[in-house]
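First comes the structure, then the notes that go with it.
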Amino acid sequence: MKVTPDKKDIYEKAEKLGNEFVISATGTVIKRESINKNIPTGEIELDVNELEILNESEITPFVVEEDVKATEELRLKYRYLDLRRKSIYDNLILRNKVYQVAHKYYEKNGFTEIETPILMKSTPEGARDYLVPSRVKKGKFYALPQSPQTFKQILMVAGIDRYVQICKCFRDEDLRADRQPEFTQIDVEMSFADQNDIFRSSEGFLKQIWKGILGINIKSPFRLMTYDEAISKYGSDKPDLRINYMSEISDISDEVAGSEFRVFQDALNTNGIIAGIKLESINDEDGKKIEITRKVIDALTDFVKKLGFGGLGYFKVEEEGNLKSPISKFLSDEIQNSIKKKFNAKEGETIFVISGSRMDTLQALGQFRSHIADKFNLIDESKYEFLWITDFPLFKYDEEEMKFVGEHHVFTMPKDEFIKNLDSDKREEIENIRAHCYDLVLNGNEIASGSIRIHKSEIQRKVFKIMGMSDEEADQKFGFLLEAFRYGAPPHGGIAFGFDRIVAILCGIKYIKDVIAFPKTVSAVSLMDDSPSPVSKQQLDELGITLKKE
RNA sequence: GGAGCCGUAGUUCAGUUUGGUUAGAACGCCUGACUGUCACUCAGGAGGUCGCGAGUUCGAGUCUCGUCGGUUCCGCCA
């Protein structure tokens, strides 16, 4: 804008303008005398002949600028100011585009969007529910849905054979950078669908998103990996396949079985394993070789110690293929050679080894892999690595509660060959049951999860029974679903996408708060409107609620 | 429930290791100068419950304990 002092009234008004004022200016667009190519409108300006201040702004609690300096706390309290920043605004615009792709894609493929209730029955399985007291039925409560799971299954029974909904889900659990107490899912369910039908449909959806929003053609079908393979090779059920210069995990229990090394013997004697992962020779940004020094090893040892391991074994492969390691003196040449062979280890590479119970060891190596990848920048950020993880266990044994709990959710169909194990009372046979259950992983993030569902009440009852739920209990909690299955329920299955996480990845950010207009803090508080908040005694009385004194 | 980090002008931070005079800087804000700025510049100025509460001490922003808030991770999240 150009305002010269000869236009006295306007000049004086313009002098009063401050940051975040809302104004209306009228004038002639003219070419700038001094062109500034750094700003979009840098070649023109407005020669103002009318200026009106529509609304003034007080001094803002923080300066609204792209490179924001304020803490997250302040930004959340004054969310409307933070949302004025282009980067946050752009995230919401992108989010909107993903909604539109979802509506169009599923509409085009014959899906019907149907809303399911927000006030529903509390289901005790899974996450903690957010509860809503009933005024009319005092002492009774609704729950906010953890997901519309039971309703969408009922819709299948009702003959709505393709359902979709972009819906809010609520889980009263502790939060993380990628977890909010309320979050958005794209919830999908199809009748007469097998796993492949769900996969093809979901891949088509994600292709549309990536094409429409990033202009990237992603390849499909996506890679498949069973849960067991993911755990044994990557120590995680959501491996990040963008990591370079690191080998898969190898179990070397057989190779070192004959060694005298106490730590290894202890692991084997307690039914554990010895496993490791290899770091290839790597360079820093200047192309200089990164040495795995004593200092580096010490830091990595601290890392595995924090995970509950006694220590970290390592072998540095030197020239002529010798293994340099504090523990090589315990290992015969033969054993050392077989380790080298197992990892196909070459000069300049380092093999890291830990031992313990199988699952703990593999998962620790999985975390170790991510940790190294972060530390040495081994992640190829240009890639989008989609991966289906399939064949999850149906149950896992909860040592604390001394009972089986659903690994995915309780409505998941076991794979055919394991149906007979539902009648077993052996822990191992129950744990071996694999389910028609799948997660979609992108760059190490779980972005969707689903399963083929149980559509027969007798199988559902068996599953409930294994989880320690009697028929009476099952009827009380899920009777409506079991009953529905008695009236010709079609086979069905579905998936739910983590909408916030997908949008965050598309925006290239790690934290889902910045793709949500009004997010909550890690203690589930909304700093802007200060919720949750106390309510009046009258409100509580109407609900028949008395607060306990602390 | 557990662990780590953070909390000092309006804002972002330094100062805390090793307690010691009047708690500093930058940006922002206010006043003035400047007829071409666009991270303006220049001169001047205001602005502090060092999150809160106890304790130790002659003396606490600094040490101890507790507490509140933010954040990251573990547990948890069918």
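Below, read A as the first sequence line, B as the second, and so on, with proteins coming before strands; counting in each chain starts at 1. What you see is a predicted model, and the numbers here were worked out from it, not measured in a lab. The figures here come from the full heavy-atom set of this structure, side chains too, leaving out hydrogens, waters and symmetry mates.
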Worksheet item: Is B:G19 paired to anything, Watson-Crick or G-U wobble with both distances less than 3.5 Å, and if yes, which nucleotide?
Response: none
Worksheet entry | Where A:Ile243 and A:Met246 come nearest, the two heavy atoms and their spacing | CG2-CG, 3.8 Å
Discussion item. Whether A:Asp500 and A:Arg95 form a salt bridge (side-chain N of Lys/Arg under 4.0 Å from carboxylate O of Asp/Glu) is what I want to check.
Written reply: yes
Can you pull every protein N or O that's under 3.5 Å from an N or O on nucleotides 3-12 of chain B?
unit_1, atom_1, unit_2, atom_2, d
B:G10, O2', A:Pro61, O, 3.1
B:U12, OP1, A:Thr71, N, 3.0
B:U12, OP1, A:Thr71, OG1, 3.2

Item to complete: Choose from B:G75, B:G70, B:U72 the nucleotide whose nearest atom is closest to any side-chain atom of A:Arg176.
Response: B:G75
Item to complete: Give a yes or no on whether A:Phe141 atom CZ has more than 12 heavy-atom contacts from other residues, nucleotides or ligands under 6.0 Å away.
Response: yes
Worksheet, complete the sentence: Under a 3.5 Å limit on both distances, the Watson-Crick or wobble mate of B:A33 is B:U41
Worksheet item: What distance, rounded to whole Å, do you find between the two C1' atoms, one in B:A60 and one in B:G55?
Response: 11 Å
Worksheet item: Looking only at N and O atoms, is any donor in the side chain of A:Arg179 or the base of B:C76 less than 3.5 Å from an acceptor on the other one?
Response: yes
Item to complete: Take the angle between the ring planes of A:Phe170 and A:Tyr130 and call it parallel below 30°, perpendicular above 60°, tilted in between.
Response: perpendicular
Worksheet entry | B:G1 and B:G53, which share atom name P, separated by this distance in whole Å | 25 Å
Worksheet item: A:Phe183 and A:Arg171: side-chain contact (heavy atoms from CB on, under 4.5 Å), yes or no, with the steps?
Response: CA-CA 9 Å; A:Phe183 60 98; A:Arg171 295 178 192 174; 3.7 Å; yes
Discussion item. Output the rounded distance in Å from CD (A:Gln367) to P (B:C73).
Written reply: 12 Å
Discussion item. Would you measure the distance from the C1' atom in B:G15 across to the matching atom in B:C77 and give it in whole Å?
Written reply: 42 Å
Discussion item. Rounding to an integer number of angstrom, what distance separates B:U67 and B:U72 when you compare their P atoms?
Written reply: 22 Å
Worksheet item: Among A:His455, A:His492, A:Arg453, which one satisfies side-chain hydrogen bond (donor to acceptor under 3.5 Å, both in side chains) with A:Gln153?
Response: A:His492
Worksheet entry | B:U71 to B:A9 separation - C1' atoms, rounded to the nearest Å | 23 Å
Worksheet item: In whole Å, what separates the C1' atom of B:A33 from that of B:G47?
Response: 23 Å
Discussion item. Closest approach to the side chain of A:Arg171, judged atom by atom: which nucleotide of B:G70, B:C77, B:C76 is it?
Written reply: B:C77
Fill in: Residue matched to B:C5 through Watson-Crick or wobble contacts both under 3.5 angstrom
B:G70
Worksheet item: C1' atom, B:G59 versus B:A43: distance in rounded Å?
Response: 40 Å
Worksheet entry | Minimum-distance nucleotide to A:Asn19 side chain [options: B:G28, B:C77, B:U72] | B:G28
Response to the item:
Residue set satisfying side-chain hydrogen bond (donor to acceptor under 3.5 Å, both in side chains) with A:Asp240, at least two apart, ordered chain then number -> A:Arg242
Item to complete: Determine the Euclidean distance between corresponding P atoms of B:G10 and B:A23; express it in Å to zero decimal places.
Response: 16 Å
Fill in: Any-strand Watson-Crick or G-U partner of B:C65, both distances under 3.5 Å
B:G53
Response to the item:
The nucleotide from B:C77, B:U72, B:U37 with an atom nearest the side chain of A:Glu45 is B:U37
Worksheet item: Closer than 4.0 Å, any side-chain N/O of A:Lys513 to the OP1 or OP2 of B:U71?
Response: yes
